[in-house]
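Note sheet for the following structure.
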Amino acid sequence: MIRGVSTPRPGSPAGLPSPYAERVLDLVERIPPGLVLTYGDVAGLLDEAGPRQVGRVLSLWGGAVPWWRVVRASGEPALGHEAEALRRLRAEAAPLLSGSGRVDLRRARWSGS
DNA sequence: GCAATGACTGGTA
DNA sequence: TTACCAGCCATTG
């Protein structure tokens with residue numbers, strides 16, 4: 001397992017992540033390099049809550065996981081972190097749509113293993 | 001316990 | 001293709 005139940009989340013700002021937050025972080029950590037998942041996909045694969053909660057989790061504890069592999073349904077990276085995400089994705093050889101600063105979801109979307 | 005918030009989504013124009 | 005609208009639900013004050 002990549003992440004044990006007792007694995008601490010470095011940089012956790014507000015106390016401990018909620019059980020739901022850990023589920024989200026767990027899944028995000030398993031996204032293979034070069035592939036991405038949309039917020040809706042994460043919520044759907046976990047079958048819990050919705051995309052907005054995924055965004056909230058990443059905003060709070062995303063620093064401990066490859067958050068740049070989670071993008072919007074349109075292929076655009078997290079708002080406010082677009083440049084950073086794009087740079088990371090490019091380093092992983094993820095399929096990007098140059099010019100529009102977006103990810104090619106048709107090719108980069110991860111099915112969930 | 002209630003109301004507001006948010007790194008979103010899908011449908012419609 | 002882009003822009004706007006209403007709905008979504010866990011977390012927070």
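Residue numbers begin at 1 in each chain, while the letters A, B, ... track the order of the sequences.
For A/Glu48, the salt bridge (charged side-chain N to carboxylate O under 4.0 Å, His left out) partners two or more places apart in sequence, or in a different chain, are A/Arg23. Under the rule for a side-chain hydrogen bond (donor to acceptor under 3.5 Å, both in side chains), the partners of A/Arg88 that lie at least two apart in sequence or sit in another chain are A/Glu84. Taking the side-chain hydrogen bond (donor to acceptor under 3.5 Å, both in side chains) definition, one finds that A/Arg107 meets it with A/Asp104, sequence neighbours left out. In this view, A/Trp67 and A/His81 satisfy the ring-ring contact (aromatic ring centres under 6.0 Å, His included) rule, not counting sequence neighbours.
For A/Leu60, counting side-chain heavy atoms from C-beta on, the closest listed nucleotide (C/dA10, C/dT12, B/dT9) is C/dT12. Distances from the side chain of A/Pro51 to the nucleotides C/dT12, B/dA7, B/dT9 place B/dT9 closest.
We find that OH of A/Tyr20 is positioned 17 Å from P of B/dG6, with the value rounded to whole Å. Rounding to whole angstrom units, CZ of residue A/Arg69 and C1' of B/dA7 are separated by 17 Å. Distance A/Arg23 CZ to C/dT11 C1': 18 Å, rounded to the nearest Å. For A/Leu86 and B/dA7, the CG to C1' distance is 14 Å, given to the nearest whole Å. In this structure, the CG atom of A/Leu25 is 16 Å from the P atom of C/dA10, given to the nearest Å. Separating the CD atom of A/Gln53 from the P atom of B/dC8 is a distance of 11 Å, rounded to the nearest angstrom. Atom CH2 in A/Trp67 sits about 13 Å away from atom P in B/dC8, given to the nearest Å.
At a threshold of 4.0 angstrom between heavy atoms, the contacts of A/Leu58 include nucleobase atoms, whether or not backbone atoms are also involved.
Between A/Val24 and A/Val65, every side-chain heavy-atom pair lies at or beyond the 4.5 Å cut-off.
Evaluation of the salt bridge (Lys or Arg N to Asp or Glu O under 4.0 Å) test over residues 58-73 of chain A, restricted to residues two or more places apart or in two chains, returns A/Arg69-A/Glu92. Evaluation of the salt bridge (Lys or Arg N to Asp or Glu O under 4.0 Å) test over residues 33-42 of chain A, restricted to residues two or more places apart or in two chains, returns A/Asp41-A/Arg109. Note on residues 84-113 of chain A: no pairs pass ring pair (Phe, Tyr, Trp, His ring centres under 6.0 Å), not counting sequence neighbours.
For the contact set between residues 40-50 of chain A and DNA chain B, defined by any heavy atom under 4.0 Å, the members are A/Gly40. Contacts of residues 70-78 of chain A with DNA chain B (heavy atom under 4.0 Å): A/Arg72, A/Ala73, A/Ala78.
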Begin from the C-alpha positions of A/Leu37 and A/Val28 and carry the test side chain to side chain contact (heavy atoms under 4.5 Å, CB included) through to its verdict.
-> CA-CA 8 Å; A/Leu37 231 43; A/Val28 174; over 6 Å; no
Table please: side-chain donor-acceptor pairs of residues 50-58 of chain A below 3.5 Å, with sequence neighbours left out.
none

Which atoms of nucleotides 1-6 of chain C (N or O only) lie under 3.5 Å from a protein N or O atom, and what are those distances?
| residue | atom | partner | partner atom | Å |
| --- | --- | --- | --- | --- |
| C/dT2 | OP1 | A/Arg102 | NH2 | 3.3 |

Protein-nucleotides 11-13 of chain B N/O pairs closer than 3.5 Å?
none

